[in-house]
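Worth knowing before you read on, the calculation uses all heavy atoms, side chains too, and leaves out hydrogens, waters and symmetry mates. Nothing fancy with the numbering, it's 1 onward along the sequence.
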Amino acid sequence: MKKTGKVMLCVLLISAALVAAAVAAFFAITRDAKLDKDKLINYGQTIEFYDAEGQKIQSSAIQNGRSSVRTDELREHTKNAFIASEDRTFYRHNGLNYKRMLKAAFKNIATRSFGEGASTISQQLIKNTHLSNQKTLVRKLKEIRLTKQLERSYAKDEILEMYLNTIYFGHSCYGLQNAARFYFGTDADNLSLAQSATLAGLLSSPNNYSPFKDAEKCVRRRNIVLKSMLDCGFITEAQYREAETSPVGATKEAKNDPKSNYVAAACDELSGLGLDSYSQLSGCKVYTCLNAEMQQALCENRPENDYCAVITDGADGVVAYVSTTGGARRQPGSTIKPVLVYAPAIEEGLLHPFTKIDDSPTDFGGYAPENHDKKYHGLVTAEESLAKSYNIPAVKMLNALTVGKALEYAQKMDIDTDKDDANLALALGGMKYGVSLKNLCDAYSTFRKAGNFAPSHFIERIEDRHGRTIYVHKPSERKVFSQGTCSLMNQMLIQTAKTGTAKKLKNLPFDVAAKTGTCGNAEGNTDAYAATYTSTHTLCVWLGDVNNRRTTVTGGGACCNIASAVLKKMYATAAPEPLDTTGGTSKIFIDRQDYEKDGKIILADEISPKLNKMEVRCLAGREPEQHSTKFSRPVIQKPQIRVGKEHISIVLCHTDYYSYLIKCDGKIIYDGDYLPEISDCPDKGSHAYTVTPYYSDGHEKYFGDAVNLERIFFGGDDDGNDRHLPPPITGKDWYN
């Protein structure tokens, strides 16, 4: 018994020592943790945005100063939305929820991480205003000590008020009042139950739950908050049902501001950089790629339809951006053809711009695409097919390329696809979720950059409130296409802008490459595109209806009109350099006759006449291997021979360039250019004729093989009938 008592005493002493050591360590580690009351009520700091010239962007999408709210002026359901979502026991604890902290600690130990924080509203306020976002034990201990100081210094309503005035809601909005104005165009004391739940739902991840990025996610998150309020007894079942079925109703403040769309997109990018919204971003300066003049040009040409337009420069910076749909992904229609069909096919050696494809009705296992004009055009070149946006040749080429290979190229250009996209309709832009206009713009930029892809960006660098640089954009390129493929695509898309579906751009006094596209249904078009680029910029325009309703836009021409006006203003004082259309390519000469007659691509004979040589360009290293010898070794069909009463006739096959040497019994009877028929009056008897084609370049004659004609007998019988000699089989001894 005495022994047991001693053991217990030892355990007690050790435990006491450990507790004392832990307490001593706690106070030693947190000795510099002092509550700064100024930080708790400093509502003046915000995020400032600057354009490429270093000028501050004066946009009402940016809050120039935080506006504070008073909790005694807020509706009860507004306060309760945040309490139910973030800290249900807020009014009952002394700043720390020990039960949640214990559960979080066990989970962190199990996962060997500090992922679970179990923070109360008081702890969040301390972390946001006094500490960094680092998930370390030291930071957590300081947070605990400061939270205890906070709870001793302020009443609960004061803590909640400071929390609501400092919390970050995304889109550069700090504080509930600014968020209420930005998302709903109202004051915080006027928020409805559904609006309050929406804003409370943003806090865990403003970038993911923003109604301007993903309305469906936003609604799901809002309804989770409403359910929490119901569970806490803050609202009735009837209130819950009414609020959960109400639309989000979010509308960006000052949506007509020329720069508000750009700032909103820059905020989206900012939220994805992994920087802490409080310790790093609060009071920071964000320097963007915005070109004020180009932004103004996009806004001046803004139509009544839903509208999106993007301009990127040579450094992959987004210099101008307008969108009434946020970053919505849409089916790209025919604008996807150059990106996922023609360029990959050229790169893989399946296609030349001059390759002829049969545009005729084709059924691909039940999938029978049609052209937009409901017509078929026979053999057309790849260049013409792209310029006129014929669908059947594009699907045929994707079939030859394979859908799997096209999806590989999509991945290289950050074009996200779904498993349902793995079919031939991909050639015509058939994608389940589509692609954003910015992403499409990035893909087209690959052509003007000799095959190098890089995602475009809005932000160049960020300085924190102390002037320290905390972020600099680092270019990251990857090779997708060879220089030669891009040169050929440049030429094909320049032609599209001159004679094809984008010909409304043909009068621009500089090189512009372009492709149009449309999407729609039985009722009409829902989307229209013009993807254009010069040697220095890429400009993509989209018109349509975000809800897939029929629009008045009948084709890509309306988008081209906008693009043309913007490009004229962009290059009003200096035209861009011409696009590269030769780099990485080979100039070759193919046989014109074979190409025009049968679509065959054969290298011209070296001695071929100029008129029979067709100059084309192909990808270097992918030149045709077959050489023509039709002039160095002429070949003809066997001529016919006819025997008449007074003469014999040799009927020659038609040729444009050959001459003929004709002999009778070894003697020349004709030597000259092609004639349909050559006549001869030989002596009566048996005769043998040969016809030898040749080509003369004016200095030398190149002979083909002599063609032996049937031996004939000339002179006739008593009745005047012509006859040939008996066949050589007769007169032979078949018995010996």
Problem - Charged N-O contact under 4.0 Å between D414 and R478 - result: yes
Handout entry: Y533 six-ring centre to R448 NZ/CZ under 6.0 Å and within 45° of normal
Key = no
Handout entry: K438 side chain to S456 side chain, donor-acceptor N/O pair below 3.5 angstrom
Key = yes
Practice task
With the side chain counted from C-beta on, respond yes when I311 and D313 share a heavy-atom pair under 4.5 Å apart, and no when they do not.
Solution key: no
Fill in the blank from the handout: What one should report as the nearest heavy-atom pair of F481 and C486 is CB-SG, 3.8 Å
Problem - Heavy-atom check, side chain of M431 versus side chain of P332, under 4.5 Å - result: yes
Exercise for the section: Look at E158 together with K156 and state whether they make a salt bridge at an N to O cut-off of under 4.0 Å. Expected result: no
Handout entry: Test side-chain contact (heavy atoms from CB on, under 4.5 Å) applied to L176 and N165, T78, T71, the passing residue
Key = T78
Completion exercise
Output for pair (E463 CD, C284 SG), nearest 0.5 Å, gives 9.5 Å
Handout entry: Chi angles and distances behind the side chain to side chain contact (heavy atoms under 4.5 Å, CB included) call for L273, I462
Key = CA-CA 11 Å; L273 297 180; I462 302 173; 3.8 Å; yes
Practice task
Please check if any side-chain donor atom of T534 sits under 3.5 Å from a side-chain acceptor atom of Y571, or the reverse.
Solution key: yes
Problem - Pair T288, E460: side-chain N/O donor-acceptor within cut-off below 3.5 Å - result: no
Handout entry: Other residues, nucleotides, ligands: >12 heavy atoms within 6.0 Å of K479 NZ
Key = yes
Handout entry: S153 side chain to Q149 backbone, donor-acceptor under 3.5 Å
Key = yes
Practice task
Evaluate the side-chain proximity of C267 to F49: yes if any heavy-atom separation is below 4.5 Å, no if none is.
Solution key: yes
Exercise for the section: Would you check if N94 and K148 make a side-chain contact, meaning some heavy-atom pair closer than 4.5 Å? Expected result: yes
Exercise for the section: Please tell me if the side chains of I167 and N128 come closer than 4.5 Å, counting only heavy atoms from C-beta onward. Expected result: yes
Exercise for the section: Could you give me the CA-CA distance, side-chain angles and deciding distance for E477 and K449, then say whether salt bridge (charged side-chain N to carboxylate O under 4.0 Å, His left out) is met? Expected result: CA-CA 10 Å; E477 288 190 341; K449 298 194 304 171; 3.6 Å; yes
Exercise for the section: Look at atom CD of E73 and say whether more than 12 heavy atoms of other residues, nucleotides or ligands are closer to it than 6.0 Å. Expected result: yes
Handout entry: Closest heavy-atom pair and its distance - D416, R329
Key = O-NH2, 3.2 Å
Practice task
Please check if the side chain of Q195 supplies one atom and the backbone of S192 the other of a donor-acceptor pair under 3.5 Å.
Solution key: yes
Handout entry: Donor-acceptor pair between N261 and S323 side chains, under 3.5 angstrom
Key = no
Problem - Residues E161 and Y163: side-chain donor-acceptor under 3.5 angstrom - result: no
Exercise for the section: Please answer whether the main-chain N or O of K217 pairs with a side-chain N or O of D214 as donor and acceptor at a distance below 3.5 Å. Expected result: yes
Practice task
Would you mind reporting whether C289 and H457 have side-chain heavy atoms less than 4.5 Å apart?
Solution key: yes
Problem - cation_pi(R221, Y209) dist<6.0 Å, angle<=45 - result: yes
Practice task
Measure from the side-chain N and O atoms of N301 to the backbone N and O of A297, and report whether any donor-acceptor pair falls under 3.5 Å.
Solution key: yes
Handout entry: Heavy-atom check, side chain of I47 versus side chain of K285, under 4.5 Å
Key = no
Problem - Donor-acceptor contact below 3.5 Å, side chain S228 vs main chain I224 - result: yes
Practice task
Using a strict cut-off of less than 4.0 Å between a Lys/Arg side-chain nitrogen and an Asp/Glu carboxylate oxygen, indicate whether R75 and D189 qualify as a salt bridge.
Solution key: no
Practice task
Inspect the surroundings of CD in E300 and state if more than 12 heavy atoms from other residues, nucleotides or ligands are less than 6.0 Å away.
Solution key: yes
Problem - Validation row: R330, W542 side chains within 4.5 angstrom (heavy atoms) - result: yes
Exercise for the section: Could you tell me whether the side chains of D527 and Q331 share a donor-acceptor contact shorter than 3.5 Å? Expected result: no
Practice task
Look at the side chain of Q177 and the backbone N and O of V69, then say whether any donor-acceptor pair between them is shorter than 3.5 Å.
Solution key: no
Problem - Name of the residue among L440, V541, L543 meeting side-chain contact (heavy atoms from CB on, under 4.5 Å) with Y529 - result: L440
Handout entry: Taking every non-hydrogen atom, the tightest pair across I121 and F82
Key = CD1-O, 4.3 Å
Problem - Polar side chain donor-acceptor pair, H93 to D87, under 3.5 angstrom - result: yes
Exercise for the section: Taking S210 for its side chain and P206 for its backbone only, find out whether a donor-acceptor pair lies under 3.5 Å. Expected result: no
Practice task
Give a yes or no answer on whether the side chain of S445 reaches the backbone of C441 with a donor-acceptor pair at less than 3.5 Å.
Solution key: yes
Exercise for the section: Measure across Y174 and T166 and return the closest heavy-atom pair with its distance rounded to 0.1 Å. Expected result: CD2-O, 3.8 Å
Practice task
Would you confirm whether the ring centroid of F212 sits within less than 6.0 angstrom of the ring centroid of Y183?
Solution key: yes
Practice task
Check whether any side-chain N or O of R88 sits under 3.5 Å from a backbone N or O of M229 as a donor-acceptor pair, and report yes or no.
Solution key: no
Exercise for the section: Taking salt bridge (Lys or Arg N to Asp or Glu O under 4.0 Å) as the test, write out the residues that go with D511, two or more places apart. Expected result: none
Practice task
Identify, with sequence neighbours excluded, every residue that meets salt bridge (Lys or Arg N to Asp or Glu O under 4.0 Å) alongside R468.
Solution key: D464
Problem - Partners passing ring pair (Phe, Tyr, Trp, His ring centres under 6.0 Å) against H77 (at least two apart in sequence or in another chain) - result: none
Handout entry: Near-ring test Y321/F458, centroid separation under 6.0 angstrom
Key = yes
Exercise for the section: Work out which heavy atom in L275 is nearest to a heavy atom in Q280; give both atom names and the distance. Expected result: CA-OE1, 3.3 Å
Exercise for the section: Flag this pair as yes if the NZ/CZ of K259 is under 6.0 angstrom from the six-membered ring centre of Y262 and inside a 45 degree cone about the axis; otherwise no. Expected result: no
Practice task
Ignoring hydrogens and angles, tell me if any N or O in the side chain of Y154 forms a donor-acceptor pair with the backbone of L160 under 3.5 Å.
Solution key: no
Handout entry: Closest non-hydrogen atom pair, V322 against Q295
Key = CG2-NE2, 3.7 Å
Handout entry: Side chains of T324 and D306, donor plus acceptor under 3.5 Å
Key = yes
